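All values reported here derive from a predicted model rather than from experimental measurement.
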Amino acid sequence: MKLEKVTENGRRRYDDACGAALGMDYVGERWALLLMRELLLGPRRFGELRSGLPGISANVLTQRLTGLEAAGIVRRERLPPPASAQVYALTPWGMESEPVVLALGRWALRSPAHDTSLPFSRVSLMLSLRMLMVQERAAGFTATVAFHLGEERYVARLTAGDLRVWRGEVDAPDAILAGETAAFKPVLYGGMPLAVAEATGRIAVAGNRAVAERFTGLFRLPDKVE
């Protein structure tokens with residue numbers, strides 16, 4: 001008996017009662033899970049989603065959003081005036097996927113095939129902080145760090161070993177780090193001192209430098225499988 005079938009609308013489905021199979025029914029289509037990743041830090045316009053996923057076409061993006069909306073994972077919203085723009089957001093159930101996305105990412109990073117030179121969206125960078133913080137390094141450390149990534153603003157707040165990240169701004173952060181995502185990868189995960197990235201002009205630092213330096217040293221890529 002085949003465990004995969006094609007439904008009337010042409011999408012493949014698994015004839016399997018396992019929750020993992022049902023989950024793949026929802027997010028197994030190409031780009032679907034990455035779209036959910038891009039929405040984990042808040043609603044986004046259609047064009048913002050394309051910017052975060054430069055390899056996706058407008059047609060495929062529309063198809064995936066339609067499918068996720070039909071499944072109850074994504075919903076459309078309208079920003080209040082003066083923006084009054086349509087955006088896409090995860091439903092409360094869709095937001096529950098965050099631990100799944102982070103766990104899958106951390107598991108896959110153990111592969112020797114992981115290529116750190118590939119593009120890395122701003123949302124991916126911020127989620128990687130939650131994914132890859134080493135708890136022992138964060139012991140006794142409390143900090144609020146603002147990230148200025150191009151025109152987008154994010155905040156990372158560490159309290160009692162719990163790191164929260166969100167899109168937006170905060171008054172009087174302990175430190176501000178400004179740059180693009182590619183500049184942060186060698187600092188956060190490659191052992192490059194923050195001062196070196198600053199000296200080359202790739203990252204700008206404002207506020208408490210000691211906080212900024214300790215914060216950027218909290219993270220580590222998982223060991224590769226042998």
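- Look at E226 and K224 and you find no salt bridge, because none of the NZ, NE, NH1 or NH2 atoms lies under 4.0 Å from a carboxylate O.
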Exercise for the section: Report the C-alpha separation of D16 and M24 in whole Å, then their side-chain angles, then the decisive distance to 0.1 Å, and conclude whether the side chain to side chain contact (heavy atoms under 4.5 Å, CB included) test is met. Expected result: CA-CA 11 Å; D16 191 321; M24 289 301 294; over 6 Å; no

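- Of the possible donor and acceptor atoms, one in the side chain of R167 sits under 3.5 Å from a partner among the backbone N and O of L41.
- Within the structure, ring pair (Phe, Tyr, Trp, His ring centres under 6.0 Å) contacts touching residues 169-220 (residues at least two apart or in different chains) are F147-F184, F215-F219.
- Sorted by first then second residue, the ring pair (Phe, Tyr, Trp, His ring centres under 6.0 Å) pairs that include residues 31-53, not counting sequence neighbours, number zero.
- For the pair R137 (side chain) and G217 (backbone), a donor-acceptor distance under 3.5 Å is present.
- Identified under the ring pair (Phe, Tyr, Trp, His ring centres under 6.0 Å) test for residues 125-144, with sequence neighbours left out: none.
- Side-chain contacts under 4.5 Å among hydrophobic residues (ILVMFWY), followed directly or transitively, place V87 together with L79.
- Between E98 and R130 a salt bridge is recorded (basic side-chain N to carboxylate O distance below 4.0 Å).
- Not a single donor-acceptor pair under 3.5 Å links the side chain of K185 to the backbone N or O of G190.
- The main-chain N or O of A108 is never found under 3.5 Å from a side-chain atom of S111 such that the two would form a donor-acceptor pair.
- L129 and W166 are not part of a single hydrophobic cluster, where members link through side-chain heavy atoms under 4.5 Å apart.
- Judged by distance alone, the side chains of R75 and T91 never bring a donor and an acceptor atom under 3.5 Å apart.
- A donor and an acceptor atom, one from each side chain of S117 and D115, are located under 3.5 Å apart.
- Among pairs with a residue in residues 50-106, those fulfilling ring pair (Phe, Tyr, Trp, His ring centres under 6.0 Å) read Y26-W93, at least two apart in sequence or across chains.
- Counting only distance, with no hydrogens or angles, the side chain of S124 and the backbone of F120 share no donor-acceptor pair below 3.5 Å.
- Annotation for D171: atom CG does not count as buried by contact number, only 12 or fewer foreign heavy atoms lying within 6.0 Å.
- Pairing each heavy atom of P43 with each of E77, the nearest pair is CG-OE1, 3.8 Å.
- Under a hydrophobic-cluster definition in which Ile, Leu, Val, Met, Phe, Trp and Tyr are linked whenever side-chain heavy atoms come within less than 4.5 Å, directly or via other members, L40 and V155 are assigned to different clusters.
- The two atoms that bring L109 and P222 nearest to each other are CB-CG, 3.8 Å, heavy atoms only.
- Side-chain atoms of Q135 come within 3.5 Å of backbone atoms of G161 as a donor-acceptor pair (strictly under, hydrogens ignored).
- One finds a salt bridge joining E152 and R44 here, because a Lys/Arg side-chain nitrogen approaches an Asp/Glu carboxylate oxygen to under 4.0 Å.
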Residues 47-54, side-chain donor-acceptor partners within the protein, below 3.5 Å, at least two apart:
{"unit_1": "E48", "atom_1": "OE1", "unit_2": "R45", "atom_2": "N", "d": "2.8"}
{"unit_1": "R50", "atom_1": "NH2", "unit_2": "I56", "atom_2": "O", "d": "3.4"}
{"unit_1": "S51", "atom_1": "OG", "unit_2": "G47", "atom_2": "O", "d": "3.1"}

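- A distance-only check finds a donor-acceptor pair linking the side chain of D25 to the backbone of Y14 [under 3.5 Å].
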